[in-house]
> 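To start, I am sharing the structure in question, which I have written as structure tokens.
The analysis underlying the following values was restricted to heavy atoms, covering all of them including side chains, and did not include hydrogens, waters or symmetry mates. Within every chain, numbering begins at 1; the chains are lettered A, B, ... in the order of the sequence lines, protein sequences first and strands thereafter. These numbers were taken from a predicted model, which means no experiment stands behind them.
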Number of protein chains: 2
Amino acid sequence: MIVRQAANVLEIMEFFAQVKKPATLAEIADHFGWPRSSTFNLLATLSEKGYLYEPRPRAGFYPTPRWLAMARMISEVEPLPPWTHQLISDLSAETGETASIVAPAGVMAVFIDVVESKAAIRYFATIGHRVPIHATASGRALLLQYSQEERDSVYRKIEFKQYGPSTPISIEAVEIELRNSIARGYCQSFADYSRDLAGAAIPLPIGDRRLSVVVAGPEFRIGPKVPEVAALIARTVDRLRPKTSAA
Amino acid sequence: MIVRQAANVLEIMEFFAQVKKPATLAEIADHFGWPRSSTFNLLATLSEKGYLYEPRPRAGFYPTPRWLAMARMISEVEPLPPWTHQLISDLSAETGETASIVAPAGVMAVFIDVVESKAAIRYFATIGHRVPIHATASGRALLLQYSQEERDSVYRKIEFKQYGPSTPISIEAVEIELRNSIARGYCQSFADYSRDLAGAAIPLPIGDRRLSVVVAGPEFRIGPKVPEVAALIARTVDRLRPKTSAA
DNA sequence: GGAAAATGTACATATATGTGAATTTATATG
DNA sequence: CATATAAATTCACATATATGTACATTTTCC
């Protein structure tokens with residue numbers, strides 16, 4: 001069950017992140033198609049908690065820096081080491097495609113850092129973007145780091161759906177693809193989940209964290225180059241990852 | 001009316017900002033005294049939206065960097081000019097008390113930047129902290145920037161409460177205090193709202209934004225020094241504020 | 001290795017909550 | 001300055017939602 005008002009808080013936050021200017025109750029209500037009274041309650045709640053204020057008279061609400069203060073506190077713990085951002089930054093620059101660091105979230109894989117391609121046609125992904133762990137290159141690069149028992153436990157919760165022609169729709173299919181990936185030396189996906197999207201990924205364990213790096217883009221552009229992209233990823237990780245410790 | 005699940009999202013966020021480590025469903029439910037099933041729904045919603053993930057197996061949930069990404073996008077608009085942080089930083093260092101930048105939010109005043117005193121006994125305030133606009137030095141320094149009509153409109157919404165012995169409990173009392181403040185050259189408060197708390201504030205208009213600076217601390221320590229603290233604030237603003245333009 | 005404890009998940013139901021309509025307040029217009 | 005129009009609040013009620021209970025899964029402990 002989705003908790004509507006919880007989701008609405010996030011929607012509002014994203015709304016402000018997008019429009020980047022104060023908005024009145026009426027504007028917000030109209031934008032989302034929410035009743036004014038409901039919007040009123042929500043805004044009052046966020047204001048009361050210190051997350052919204054009125055920067056100038058009659059110009060409406062805008063988030064206070066409290067969001068930022070909280071997010072900073074949260075993120076200063078175990079941040080990703082700086083070289084991982086360098087990594088996807090370099091990869092995106094060299095390949096012209098979108099590169100990301102990905103982490104597990106149950107049966108999904110979450111993008112926790114992204115550098116987008118600058119191409120007009122590109123893989124559009126943002127931090128927080130989620131994809132099925134079993135039907136994506138990045139996700140399978142995570143699964144490779146699991147023990148058999150852990151994988152089984154994940155499999156039990158997966159609802160296998162035919163997202164595309166090549167989506168693995170059974171546990172066996174996934175396991176086979178994992179074995180192939182090991183043999184191949186990297187994970188790949190050709191529209192397994194998103195139409196026209198292809199990508200290459202490799203596991204990226206950092207400390208006891210299970211992460212992966214992925215480079216993805218439109219199939220017609222990146223498709224033929226997947227092997228060399230994979231090699232590039234491996235080389236770049238090798239170059240940037242500190243040799244001394246696990247971190 | 002307060003929207004409970006909206007507030008809960010913020011609570012969860014603040015919880016993570018405090019504990020700074022992943023937490024399981026059970027831990028979160030117990031911490032807040034929420035039913036497991038409700039907690040489950042909330043966490044599922046936040047996860048689904050890409051704001052929570054599971055950094056390592058069986059270690060529970062933690063916020064994704066998406067919070068930070070959103071907060072950054074929101075805050076890069078019209079950020080406070082850097083000299084305002086310098087201002088409260090200097091003021092806090094010189095006085096040993098807590099210094100803040102404050103903005104209006106209806107009948108309340110919100111702290112939008114804070115540098116805390118390092119003293120053991122101090123005014124504990126965080127970004128997002130809210131106080132009644134009419135019963136605080138910082139709030140009245142905002143009201144001074146309003147037109148009479150705007151002030152009247154605010155007064156109509158205020159519920160006058162006797163927070164402390166010197167709280168102004170009528171429109172006239174507030175207006176008188178505002179006139180006194182003008183004569184005096186700064187706003188002051190002696191436990192008008194918070195027990196044992198005294199402070200000095202002055203208006204700080206920036207562009208068309210109505211802000212104020214306040215220095216506040218325990219009455220016994222800052223009380224006798226309020227006039228000189230006020231003078232210090234004025235001098236420091238004068239020193240740091242760029243002379244050229246309104247920004 | 002098996003039982004017990006803890007944790008996570010599903011669902012029907014009572015109830016807390018969102019909302020439409022009414023009221024008040026603010027702003028624009030003649 | 002009066003009137004019209006739009007925005008912000010309030011409130012009672014129907015309904016969408018949180019939760020108690022039951023079940024499943026995982027982990028711990030003996």
> Counting side-chain heavy atoms from C-beta on, which of dT26(D), dA16(C), dT9(D) comes nearest to F40(A)?
dT9(D)

> Could you tell me whether the side chains of N8(A) and E11(A) share a donor-acceptor contact shorter than 3.5 Å?
no

> So which protein N/O to nucleotides 22-24 of chain C N/O distances come out below 3.5 Å?
none

> Within residues 19-30 of chain A, find the residues that approach DNA chain C with a heavy atom at under 4.0 Å, and present them sorted by residue number.
none

> I2(B) has an atom CD1; how far is it from atom P of dT17(D), in whole Å?
18 Å

> If I take atom OG from residue S47(A) and atom CZ from residue F61(A), how far apart are they, to the nearest 0.5 angstrom?
4.5 Å

> Measure from CD on E11(B) to C1' on dA18(D) and round the result to the nearest Å.
17 Å

> Would the H134(B) and F160(B) ring centres measure less than 6.0 Å apart?
yes

> Under 3.5 Å, is there a donor-acceptor pair linking the side chains of T126(A) and R66(B)?
yes

> Find the distance Q5(B):CD to dA16(C):P and express it as a whole number of Å.
14 Å

> Could you check which residues of residues 31-39 of chain A get a heavy atom under 4.0 Å from DNA chain C? Sort them by number, please.
P35(A), S37(A), S38(A)

> Assuming nearest nucleotide by heavy-atom distance, tell me which of R4(A) and D152(A) is located more 5' along DNA chain D.
R4(A)

> Could you state the atom-to-atom distance from NZ of K157(A) to C1' of dT25(D) in whole Å?
8 Å

> In whole angstrom, what separates L42(B)'s CG from dT9(C)'s P?
14 Å

> In whole angstrom, give the distance that lies between atom CG of N41(A) and atom P of dC11(D).
12 Å

> Which atom pair, heavy atoms only, marks the closest approach of Q145(A) to A141(A)?
NE2-O, 3.0 Å

> Does OP1 or OP2 of dT9(C) have a side-chain N or O of R156(A) closer than 4.0 Å?
no

